[in-house]
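Everything below concerns the one structure shown next.
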Amino acid sequence: MAHILIAEDEEAVSSFVSRALQLRGHTTTVAADGGAAADALSKDHYDLLLTDIVMPVMDGISLALKASAAYPDMPILMMTGFAHEKQRAHNLEALIHDVISKPFSG
């Protein structure tokens, strides 16, 4: 299974996503902002970065740019609840795998 870094500043969202992924057998690390996520990336290997776009310290776009430069083979998924931010992320199609809309629906 995958080791996934979740960068999300809303504790309820990061907790929900982390639990859902763990129930499917993945291991997760949660970072509360982009700066903490960048630090976590430098200390451990991750199979996937799942990042919010709008976060304090470093937004998800900046984090994705930094992560893709350092770890070009690591897939990056972004999530956002803001339509205009989703469009910004789609401008990074070469670097990210997809953008997931929040709130999540089953």
Checklist entry - Sub-3.5 Å donor-acceptor pair from the side chain of His3 to the main-chain atoms of His45, do we have one? => result yes
Checklist entry - Which heavy atom of Ala7 sits nearest a heavy atom of Ala37, and at what distance? => result CB-CB, 3.7 Å
Next on the checklist: I need the minimum non-hydrogen distance between Leu48 and Pro75, along with the two atoms involved.
Outcome noted: CD1-O, 3.4 Å
Checklist entry - Does the side-chain contact (heavy atoms from CB on, under 4.5 Å) test come out yes or no for Leu50 and Met79, once each step is laid out? => result CA-CA 7 Å; Leu50 175 57; Met79 52 189 167; 3.9 Å; yes
Checklist entry - Nearest heavy-atom pair of Ala38 and Met58: which atoms, and what distance? => result CB-CE, 4.1 Å
Checklist entry - With a 4.5 Å heavy-atom cut-off, do Leu5 and Thr28 have their side chains touching? => result no
Item to check | Donor-acceptor pair between Gln22 and Ser18 side chains, under 3.5 angstrom | outcome: yes
Checklist entry - Hey, does the side chain of His26 reach the backbone of Met1 with a donor-acceptor pair shorter than 3.5 angstrom? => result no
Checklist entry - Do you know the tightest heavy-atom contact between Ser14 and Glu8? => result N-CG, 3.7 Å
Checklist entry - Donor-acceptor pair, Asp52 side chain versus Met55 backbone, under 3.5 Å? => result no
Checklist entry - Does some side-chain heavy atom of Met74 sit less than 4.5 Å from a side-chain heavy atom of Asp47? => result no
Checklist outcome for this item: Closest non-hydrogen contact found for Tyr46 with Ile4 is CD2-C, 3.8 Å
